Amino acid sequence: METRLAQACHYIDELTGGINPPLQLSTTYARDTDYEHVSRYSYSRADNPSWDVLEKVCADIDGGVEALCFASGMAAVCAVFETVNAGEHVVAPRIMYHGSQDWLRRISERRSIGLSLFEASDLDALRQAVQPGKTSVVWIETPINPTWDIIDISAAAEIAHQAGATLVVDATVSSPVTTRALEYGADIVFHSATKYLNGHSDVLGGILVSAQDNERWQDIKWVRTLTGGVLGPFDAWLLLRGMRTLFLRFEKASQNALQIARHFENHARLERVLYPGLESHPGHDIARRQMTNGFGGMLSLLVKGGADEARAIAANTKLFLRATSLGGVESLIEHRAAVEGPHSAVPQNLLRLSIGIENCRELIDDLEQSLEKL
Ligand SMILES: Cc1ncc(COP(=O)(O)O)c(C=O)c1O
């Protein structure tokens with residue numbers, strides 16, 4: 001995978017020999033005198049040469065038949081749920097990326113779509129939540145933001161398929177470097193490309209990759225074209241550039257995060273460290289099976305005390321930047337409940353860390369000095 005990423009699947013521009021794709025900014029494409037298109041492109045909301053290499057690389061590294069890029073992760077999430085009809089049913093975890101769940105709650109109320117939320121660590125709860133013949137989409141996320149609970153994708157796929165539902169996996173946090181969700185039976189894999197895929201906190205994007213070219217996939221394509229949540233050409237170009245180093249970045253962030261998690265696991269000022277790479281994590285065994293090249297750069301600290309103590313630690317860091325988001329080269333710290341708002345189910349003493357590619361000793365020292373000040 002590292003070779004395919006570094007070379008963007010051995011990309012060479014046919015016209016010029018350039019080893020990076022050209023940036024095509026046209027929104028519209030010429031027709032000949034018979035009014036036939038002169039190429040396969042017509043209008044850039046429907047199709048865009050700037051997406052071609054990016055989508056090819058995304059489909060390739062996740063092992064799908066096709067990929068679609070979107071203007072943001074949420075544009076891709078919405079495109080999936082747009083294919084659920086009134087009267088059908090969706091299942092999702094009780095704790096998950098709050099934006100996706102907010103959207104799900106909103107559309108389920110407005111469009112008479114049933115919604116069941118299940119406890120992520122409990123497969124029996126998922127089994128009970130699906131309604132055979134009625135559940136249209138089972139949406140899971142693994143590791144789950146921000147507790148990093150792990151869901152067994154193969155088991156979830158079996159449950160979803162027995163009920164006749166499509167399994168969609170939000171694999172933003174694992175990335176294809178460590179988990180190729182389609183290989184475990186998922187039908188569609190989703191990434192907020194804003195995170196690890198791009199990796200530099202300077203592009204918003206979303207990616208869907210499908211295992212099959214079926215009716216739902218065709219529907220999703222129509223939704224993208226007609227609702228227009230499309231990725232701009234320069235963002236597509238930047239995203240592909242970022243992806244060339246995805247493998248290296250993800251490996252380094254995973255190594256740093258594991259070292260940090262181990263270092264702070266028994267710290268006197270912390271209740272717990274949540275990281276799937278720790279043996280103490282309840283999802284560790286599944287993570288070892290499912291995350292074959294590192295446990296990623298995301299971890300959370302449960303501080304002894306409540307919101308005040310957690311926020312004081314975030315306030316005193318000097319290297320960790322106080323900002324939301326994840327998967328960038330720089331390390332971030334956030335008081336997650338404050339970011340999610342008053343309805344958040346996230347514990348008040350939880351600090352979410354996105355570990356970057358900096359020097360690990362310096363990151364550890366920064367957290368140590370901040371915990372010391374508490
Ligand atoms: C797990 C997860 N899924 C989806 C999203 C939404 O992606 P975007 O911000 O690119 O719209 C995010 C963003 O934080 C996320 O962390």
Side-chain angles (χ1 to χ4, degrees), residues 54 58 62 67-82 92-106 120 137 139-151 153 168-179 181 186 188-209 223-224 227-232 235-236 238-239 242-243 246 250 253 257 274 276 291 295-300 321 323-328 330 332-341 344-346 350 352-356:
L54 172 66
C58 288
D62 255 317
L68 292 173
C69 59
F70 291 81
S72 67
M74 285 310 298
V77 171
C78 293
V80 171
F81 292 129
E82 211 39 59
R94 187 180 66 80
I95 291 190
M96 60 188 277
Y97 172 61
H98 73 120
S100 310
Q101 197 182 81
D102 284 352
W103 182 250
L104 256 178
R105 286 178 188 275
R106 194 181 160 98
V137 169
W139 181 279
I140 62 168
E141 192 176 306
T142 185
I144 288 202
N145 189 353
T147 55
W148 322 117
D149 281 335
I150 301 290
I151 300 183
I153 302 172
V168 187
V169 178
D170 180 341
T172 298
V173 171
S174 51
S175 95
V177 172
T178 198
T179 304
I188 295 175
V189 60
F190 158 70
H191 305 281
S192 163
T194 315
K195 317 298 177 186
Y196 284 108
L197 298 193
N198 179 59
H200 295 79
S201 306
D202 54 9
V203 172
L204 275 178
I207 297 287
L208 294 174
V209 185
V223 171
R224 181 178 72 169
T227 60
V230 295
L231 194 64
D235 283 347
L238 275 177
L239 177 51
M243 284 178 61
L246 168 64
F250 190 86
L274 304 176
M291 301 179 83
F295 300 99
M298 295 307 299
L299 61 93
S300 294
L321 301 163
T324 193
S325 201
L326 62 95
E330 65 290 302
L332 305 178
I333 187 164
E334 69 175 356
H335 181 237
R336 189 65 191 162
V339 171
E340 292 192 7
S344 173
V346 171
L350 184 145
R352 189 182 92 168
L353 307 185
S354 172
I355 305 299

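Keep in mind it's a predicted model, so treat the numbers as computed, not measured. Order of appearance sets the numbers: ligands from 1, and atoms from 1 within every ligand.
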Please could you name the atoms of ligand 1 that Leu326 approaches to less than 4.0 Å, counting only its heavy atoms? 16 (O)
Are Phe190 and Trp139 an aromatic pair, judged by ring center distance below 6.0 Å? yes
Residue and atom name of the nearest protein heavy atom (relative to atom 10 (O) of ligand 1), distance in Å to one decimal: Thr194 OG1, 2.6 Å
Under 4.0 Å, heavy atoms only, figure out whether ligand 1 is touched by the backbone of Glu141, its side chain, both or neither. side chain
Heavy atom of Gly205 under 4.0 Å from ligand 1? yes
Given Met298, which partner from the list Val173, Ile144, Ile355, Leu274 fulfils the side chain to side chain contact (heavy atoms under 4.5 Å, CB included) test? Val173
What do you reckon, does Lys195 put a non-hydrogen atom under 4.0 Å from ligand 1? yes
For Phe190, atoms of ligand 1 separated by under 4.0 Å from a heavy atom: 3 (N), 4 (C)
Please report which non-hydrogen protein atom sits nearest to atom 16 (O) of ligand 1, along with the residue it belongs to and the distance in Å to one decimal place. Asn145 ND2, 3.2 Å
Nearest heavy atoms of Gly296 and Phe250, plus distance in Å: CA-CZ, 3.4 Å
Can you tell me which residue and heavy atom of the protein come closest to atom 6 (C) of ligand 1, and the distance to 0.1 Å? Tyr97 CE2, 3.5 Å
Distance to 0.1 Å, residue and atom name: give those for the protein heavy atom nearest to atom 7 (O) of ligand 1. Ser192 OG, 3.1 Å
Donor on one side chain, acceptor on other, Thr227 and Glu82, under 3.5 Å: no
What protein heavy atom sits nearest atom 3 (N) of ligand 1, and how far off is it? Asp170 OD2, 2.7 Å
Using heavy atoms and a threshold below 4.0 Å, how should the contact between Val77 and ligand 1 be classified: side chain, backbone, both, or neither? neither
Atom 11 (O) of ligand 1 sits nearest the protein heavy atom Met74 N, 2.8 Å
